[in-house]
Amino acid sequence: MEGVDQEEKKARLTKMSYKDFLLNVVKAHSDVIPFYQTRTHGLYGIGIDAVPALDCWAIHFPGFQGMGLDRVPSKGLTFTALGEVTPQEEFYFHFPDGNASIARMLVRSLVPGSASGNTAEDIVTARMDYGRLDHGDSPVRIRLNSTAVLARHVGDPASAKQVEVVYGRDQKAHSVRGKAAVLACWNMVIPYLCPDLPVEQKEALHYGVKVPLVYTVVGLRSWTAFHKLGIRGVSCPGMYHSSMNLDQGANIGDYKPPESPDEPILVHMLRTPCQPGLSAREQQRAGHYDLLATSLDTFERNIRDQLVRVLGSGGFDPARDIEAITVNRWPHGYAYEYNPLWDPDWPEGKRPCDIARRPFRRITIANSDAAAAAYTDQAIDQAYRAVRELLSS
Ligand SMILES: Cc1cc2nc3c(=O)[nH]c(=O)nc-3n(C[C@H](O)[C@H](O)[C@H](O)COP(=O)(O)OP(=O)(O)OC[C@H]3O[C@@H](n4cnc5c(N)ncnc54)[C@H](O)[C@@H]3O)c2cc1C
């Protein structure tokens with residue numbers, strides 16, 4: 001792009017996929033494409049055919065050297081990449097059980113006595129006392145296994161003083177009333193939960209399509225095969241799971257990672273059931289069907305086959321070495337992030353998520369969908385906003 005200024009370069013890169021960038025701008029050999037195709041799966045849930053080149057530049061993919069791009073986000077350009085939306089810190093904290101520890105810490109603060117300790121370190125091995133979660137003597141009560149089916153104002157929304165939430169639990173319908181409600185579930189279910197919402201808002205709530213992901217965790221008797229091969233992870237473009245990595249050696253509080261290759265360990269495998277060639281939202285929908293229709297047997301066969309093909313030369317024997325397999329299917333995983341390859345450039349305040357999260361009298365809307373941004377920091381910001389809207393009304 002010689003002679004093209006910074007703004008224009010970025011504008012072009014935001015409207016072309018990384019795949020097209022490699023083929024048409026870098027003029028890389030087409031054999032390069034399958035090698036990189038799944039490299040974006042973990043962050044985006046879709047391959048390089050559907051991720052803008054500018055995002056791949058932001059996460060340091062190759063091919064942009066010498067283009068002189070600076071890292072100041074340009075006005076009006078969408079950077080969905082983690083590196084741009086979420087400031088990256090030098091310090092990296094990895095909970096062994098993922099974001100579950102964040103939820104557990106929130107619960108521990110809200111419901112005194114629900115878990116021991118008071119630090120980010122001690123939550124890792126703390127046991128939750130489920131009996132405390134829904135207790136009459138606590139100002140905050142958390143009722144598990146309760147699916148809300150209706151949220152409505154009691155009487156005319158304009159003058160109502162109460163909200164009623166109807167939920168299903170133990171095969172029965174129950175209801176609770178309160179001064180207000182925050183719907184912190186997924187945008188696409190809210191129109192069904194809250195049929196009184198304005199039509200425009202319901203349409204906006206339907207727009208995003210959650211990104212499907214599968215995190216498979218395999219418990220191994222030992223990791224001697226990894227040790228012999230001198231690897232800790234493998235990128236497997238073209239295989240059923242696109243990557244596999246040994247569990248990160250988190251050493252937090254009383255939680256100690258395995259140190260010797262003879263010790264048991266967990267292997268994380270990633271699969272994103274997308275369908276290249278379609279738009280991002282259609283790929284997501286195809287992934288939902290895929291996850292609904294795939295049996296555990298199919299997963300297991302593919303996992304065993306893949307592990308032995310990758311690790312066999314290190315002495316791996318699936319019958320001997322695999323102790324357990326957990327397939328975590330997230331048909332509705334990440335929140336949908338707007339994709340400049342297909343989504344329009346909405347004016348400020350007019351994106352579907354801006355319309356979708358409008359407060360509806362005593363009912364407000366949280367969840368990462370409300371920010372159209374996948375990560376937990378956004379979920380927390382949206383929850384904060386939804387509560388403040390209630391306090392200020
Ligand atoms: C596999 C995976 C890995 C991730 N890794 C990271 C990461 O490393 N870092 C990061 O920052 N983010 C990560 N995320 C994203 C992070 O998990 C989300 O940003 C965060 O969970 C969103 O929080 P939330 O409270 O908005 O919604 P959610 O966590 O989705 O919670 C919504 C809740 O609403 C419940 N619900 C839905 N409908 C109803 C109903 N009708 N009645 C009652 N309850 C209902 C759901 O069961 C769910 O518990 C990851 C997500 C996935 C799927």
Side-chain angles (χ1 to χ4, degrees), residues 41-46 59 80-83 85-89 92-107 110 133-134 142-152 164-169 173-176 181-195 205 208-217 241-243 245 247-248 250 268-274 284 287-288 291 326-337 353 356-357 363-387:
H41 275 194
L43 267 185
Y44 294 85
I46 40 182
I59 51 176
T80 47
L82 181 66
V85 171
T86 307
Q88 284 197 319
E89 303 288 342
Y92 183 84
F93 196 97
H94 174 78
F95 286 116
D97 65 349
N99 282 336
S101 277
I102 297 181
R104 282 147 50 83
M105 281 192 288
L106 291 168
V107 171
L110 289 167
L133 298 188
D134 189 6
I142 298 175
R143 191 154 300 162
L144 300 179
N145 302 317
S146 306
T147 305
V149 291
L150 184 67
R152 67 176 165 211
E164 179 182 40
V165 174
V166 179
Y167 64 95
R169 190 176 204 229
H174 304 263
S175 77
V176 280
V182 179
L183 303 183
C185 53
W186 305 321
N187 269 9
M188 71 272 190
V189 303
I190 291 176
Y192 304 104
L193 282 180
C194 197
L205 284 157
V209 181
K210 285 265 200 197
V211 179
L213 293 163
V214 180
Y215 275 20
T216 293
V217 183
H241 286 81
S242 57
S243 65
N245 288 286
D247 200 20
Q248 282 189 31
H268 293 265
M269 302 175 78
L270 171 74
R271 171 173 168 77
T272 47
C274 50
Q284 253 84 271
H288 296 168
L291 288 189
T326 310
V327 177
N328 298 292
R329 304 181 199 215
W330 301 88
H332 304 95
Y334 292 153
Y336 180 71
E337 300 190 338
C353 67
R357 69 183 181 218
I363 298 175
T364 60
I365 292 171
N367 191 268
S368 54
D369 284 346
Y375 299 103
T376 306
D377 55 331
Q378 301 287 328
I380 291 171
D381 287 353
Q382 292 303 318
Y384 184 73
R385 180 216 18 96
V387 171

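One-based numbering along the sequence shown. In listed order, ligands and their atoms are each counted from 1.
At a heavy-atom distance under 4.0 Å, atoms from both the backbone and the side chain of Asn367 approach ligand 1. With a 4.0 Å cut-off on non-hydrogen atoms, Tyr215 touches ligand 1 through its side chain and not its backbone. Proximity of Trp330 to ligand 1, defined as any heavy-atom pair under 4.0 Å, is confined to the side chain (atoms from C-beta onward). By the criterion of a heavy-atom distance under 4.0 Å, both the backbone and the side chain of Thr147 are placed next to ligand 1. Residue Ala383 does not touch ligand 1, judged by heavy-atom distances below 4.0 Å.
The heavy-atom pair separating His241 from Arg271 by the smallest distance is CD2-CB, 3.6 Å. Among all heavy-atom pairs drawn from Tyr336 and Asp369, the shortest one is N-OD1, 4.3 Å.
For ligand 1, the atoms lying closer than 4.0 Å to a non-hydrogen atom of Gly333 are 53 (C). Remark: ligand 1 atoms within the under-4.0 Å shell around heavy atoms of Ala379 are 22 (C), 23 (O), 24 (P), 26 (O).
For atom 38 (N) of ligand 1, the nearest protein heavy atom lies under 4.0 Å away. Put simply, atom 22 (C) of ligand 1 has protein non-hydrogen atoms near it, under 4.0 Å away. Not a single protein heavy atom sits closer than 4.0 Å to atom 29 (O) of ligand 1. Closer than 4.0 Å to atom 47 (O) of ligand 1 lies none of the heavy atoms of the protein.
The option from Ala370, Cys185, Ala335, Ala366 that lies nearest to atom 45 (C) of ligand 1, judged by heavy atoms, is Cys185. Evaluated by nearest non-hydrogen atom to atom 32 (C) of ligand 1, the leading choice among Ser146, Ala184, Ala151, Ala371 is Ala184.
Geometrically, ligand 1 and Tyr334 share no nitrogen or oxygen pair separated by less than 3.5 Å. In terms of N/O distances under 3.5 Å, ligand 1 is approached by Ala374.
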